[in-house]
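In this chain, residues are counted from 1 in sequence order. Order of listing sets the numbers, starting from 1, for every ligand and every atom in it. Computation of the quantities below employed the complete heavy-atom set of this structure, encompassing side-chain atoms and omitting hydrogens, waters and symmetry-equivalent molecules.
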Amino acid sequence: MTAKDADGSPMDKLVALCRRRGFIFQSSEIYGGINGFWDYGPLGVELKRNIKAAWWEDIVRRRDDMVGLDAAIIMNPKVWEASGHVGGFTDPMVDCKSCKGRFRADRVYTVRFLDGSGRPIHAEAVESDDPEQAVAAAAAKAPSKARRRLKTGYDTRVYTPGQEPTAEDQSLCPACGALDALTAPRKFNLMFRTTVGASEESGAVAYLRPETAQGIFANFRNVLDTTRVKLPFGIAQIGKAFRNEINPRNYTFRSREFEQMEIEYFCRPAEADEWYAYWRDARFQWYVGLGLTSEKLRLRDHADDELAHYARACADIEYAFPFGVSELEGVANRTDFDLTQHQEASGRDMTYFDEETKERFVPYVIEPSGGVDRAALAFLCEAHTEDEAPDEKGNPQPRTVMKLHPRLAPVTAAVFPLVKKQGMPEIARGIHEALRDAGLASFYDEKGAIGRRYRRQDEAGTPFCITVDGQTLEDKTVTVRDRDSLRQERIDAARAAEYVRDQLAGR
Ligand code: ATP
């Protein structure tokens, strides 16, 4: 992404800001990058840590019915046979015989543009996550000659994947546009394979986990036997997952390496519907509470024909990203499917003995499964705001501000001396240390004009800026500037940490 791109779409602007300010970098950028892998820079890593810390605090620490787990990324391959991933964790893939491009067959849309009388004037194929996105992407991709014709008003007919054009000879390649060049779909397993130990024989084949959930199921018995958990209870885990996505896209949204935050909540079968409804709403509200308050956040219940064969109910928590409405987290009632599979494959007992009813059974499980990277991207999209703020002379100037929730902001408070003299830096440093001692993420900055320092913190999403000025020398007060309202308040310098803490508690 170059500086020029920053003038483009909201997504281009966000990507440019994330690169410029050190939220997100392309992995191995100095070698031209690697598709589907991303690095989180100094600000991004703090944002991600804050998301995971908020989740762990709210899901594990503050609840009596939850415990945590940290399982290994590489597990015995039998786990993935029992879970169905070796046989069934596939996406349909098509290849272009002309440009050698490879696409997810269920994501290739053909968009035909029609003139006023319904005659096709142009067609484009695109790989996309939904029909709406597909139309936008096709219109953007159309060559300028066709676009000139489209400008005068057009209609579209969108063929969803596999629907039309049906015959192979009508296929259009989403990359090179070649006609009749796509192969028939083939199954492609998304799991990354590796070998364990010095032997390259098939016995040593292992997989990088494509989800953290199976580590929880495989440890169900261990947790039951070593803790005093009673149904209903949950096991929570945060960790890396890997999927060899056919076409990673939409920035960090579809990556090949990502982090998941997963809960397996075990309960009595008769109570599963109730717990499903509880978690579906609780997980939605968690995102709202951390700042996804706009109508862009949605909850979508799956229709019966969308459900996996073992699932009784499923809902997606979705966010309207600039590139389309897509899933942030899925919540599913997976019945006793996973534990039963592992019981059969491992021969180990996965039943629970209910002291109250004297019954033994395999518990049902409710699974809220979210992605840290998708959550981070949604929080960044929601926070990204362009408004105006007065400069030193009081004239309104455009500003870019990341309105991140204070719990998520990489820096909670920045401390500035107005000038680098009269003992102001020493006082400011003292406040900075006091904030740190209070466990707050504080940043000290004495370089450049004060307005520039405010702007930098606005872009980083810092909710509070504390400034030591001439008046501080007289009455030991400082100003606190609120990022969103731009209101400035004078408070006692000695109370700075307490003030910030109170503000955080109130939000
Ligand atoms: P999609 O349909 O978008 O591929 P999925 O339904 O396969 O997602 P799940 O298997 O339910 O996803 O995984 C749970 C969560 O893990 C998702 O809601 C998402 O937040 C995250 N996740 C899954 N795949 C990816 C990916 N390729 N990149 C980033 N996050 C992902």
Side-chain angles (χ1 to χ4, degrees), residues 24 27 34-40 44 48 51-52 55 73 80 83-85 88-93 103-107 127-130 133 161 188-192 207-217 236-264 279-280 283-284 286-287 290 292 297-302 306-308 310-311 313-321 323-334 337-338 365-381:
I24 300 171
S27 163
I34 169 165
N35 199 6
F37 298 90
W38 299 92
D39 296 340
Y40 288 80
K48 240 180 126 181
I51 293 170
K52 291 186 279 184
W55 190 88
I73 286 173
W80 306 110
S83 67
H85 284 83
F89 194 55
T90 55
D91 279 340
M93 166 184 87
F103 315 96
R104 248 179 88 164
D106 60 344
R107 295 285 197 269
E127 202 185 14
S128 179
D129 282 319
D130 70 40
Q133 272 184 51
F188 175 76
N189 195 302
L190 299 183
M191 281 199 295
F192 277 102
Y207 303 97
L208 302 189
R209 67 179 175 203
E211 60 173 38
T212 63
Q214 297 304 322
I216 299 180
F217 294 126
Q237 174 165 229
I238 299 178
K240 288 271 188 177
F242 302 82
R243 294 183 189 179
N244 199 2
E245 297 279 356
I246 294 169
N247 249 348
R249 65 177 165 279
N250 291 336
Y251 202 23
T252 55
F253 181 84
R254 191 172 297 289
S255 311
R256 290 180 166 139
E257 174 178 339
F258 53 96
E259 260 180 303
Q260 288 186 313
M261 312 183 275
E262 294 197 294
I263 303 169
E264 302 301 334
W279 280 110
R280 175 182 166 276
R283 291 305 303 143
F284 184 84
W286 188 79
Y287 291 100
L290 286 174
L292 296 192
L297 188 71
R298 302 164 190 186
L299 191 57
R300 185 177 70 82
D301 291 306
H302 282 209
E306 266 185 283
L307 293 179
Y310 48 80
C314 190
D316 285 347
I317 299 169
E318 298 180 330
Y319 187 76
F321 290 97
F323 48 78
V325 179
S326 299
E327 173 188 328
L328 279 188
E329 174 160 344
V331 183
N333 174 354
R334 295 178 63 92
F337 174 78
D338 307 273
V365 69
I366 310 303
E367 179 187 80
S369 169
V372 181
D373 310 80
R374 286 192 187 174
L377 188 56
F379 288 128
L380 284 167
C381 287

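- Taking the charged nitrogens against the carboxylate oxygens, Asp91 and Arg107 have no contact shorter than 4.0 Å, which rules out a salt bridge.
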Extract all N/O-N/O pairs under 3.5 Å that connect ligand 1 to the protein, and present each with both atom names and the distance rounded to 0.1 Å.
residue: ligand 1; atom: 3 (O); partner: Arg254; partner atom: NH2; Å: 3.1
residue: ligand 1; atom: 3 (O); partner: Arg374; partner atom: NH1; Å: 3.1
residue: ligand 1; atom: 3 (O); partner: Arg374; partner atom: NH2; Å: 3.1
residue: ligand 1; atom: 4 (O); partner: Arg254; partner atom: NH1; Å: 2.8
residue: ligand 1; atom: 6 (O); partner: Glu327; partner atom: OE1; Å: 3.3
residue: ligand 1; atom: 7 (O); partner: Arg243; partner atom: NH1; Å: 3.1
residue: ligand 1; atom: 10 (O); partner: Arg243; partner atom: NH1; Å: 3.1
residue: ligand 1; atom: 10 (O); partner: Arg243; partner atom: NH2; Å: 2.9
residue: ligand 1; atom: 13 (O); partner: Gln260; partner atom: NE2; Å: 3.4
residue: ligand 1; atom: 16 (O); partner: Gln260; partner atom: NE2; Å: 3.2
residue: ligand 1; atom: 18 (O); partner: Glu327; partner atom: OE2; Å: 2.6
residue: ligand 1; atom: 18 (O); partner: Leu328; partner atom: O; Å: 3.3
residue: ligand 1; atom: 20 (O); partner: Leu328; partner atom: O; Å: 2.9
residue: ligand 1; atom: 20 (O); partner: Gly371; partner atom: N; Å: 2.9
residue: ligand 1; atom: 24 (N); partner: Arg243; partner atom: NH1; Å: 3.4
residue: ligand 1; atom: 27 (N); partner: Glu245; partner atom: OE2; Å: 2.8
residue: ligand 1; atom: 27 (N); partner: Ser255; partner atom: N; Å: 3.4
residue: ligand 1; atom: 27 (N); partner: Ser255; partner atom: O; Å: 2.8
residue: ligand 1; atom: 28 (N); partner: Phe253; partner atom: O; Å: 3.1
residue: ligand 1; atom: 28 (N); partner: Ser255; partner atom: N; Å: 3.0
residue: ligand 1; atom: 30 (N); partner: Arg374; partner atom: NE; Å: 3.4

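- The ring of Phe321 has its center closer than 6.0 angstrom to the ring center of Tyr319.
- Salt bridge status for Lys240 with Glu257: present, with a side-chain N to carboxylate O gap under 4.0 Å.
- Using modelled atom types and a 3.5 Å distance limit, the side chains of Tyr310 and Asp338 yield no donor-acceptor pair.
- Residues forming a side-chain hydrogen bond (donor to acceptor under 3.5 Å, both in side chains) with Glu318 (at least two apart in sequence, or on another chain): Arg300.
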Practice problem: Assess whether salt bridge (Lys or Arg N to Asp or Glu O under 4.0 Å) is satisfied between Arg298 and Asp316, documenting all intermediate values. | Solution: CA-CA 8 Å; Arg298 302 164 190 186; Asp316 285 347; over 6 Å; no
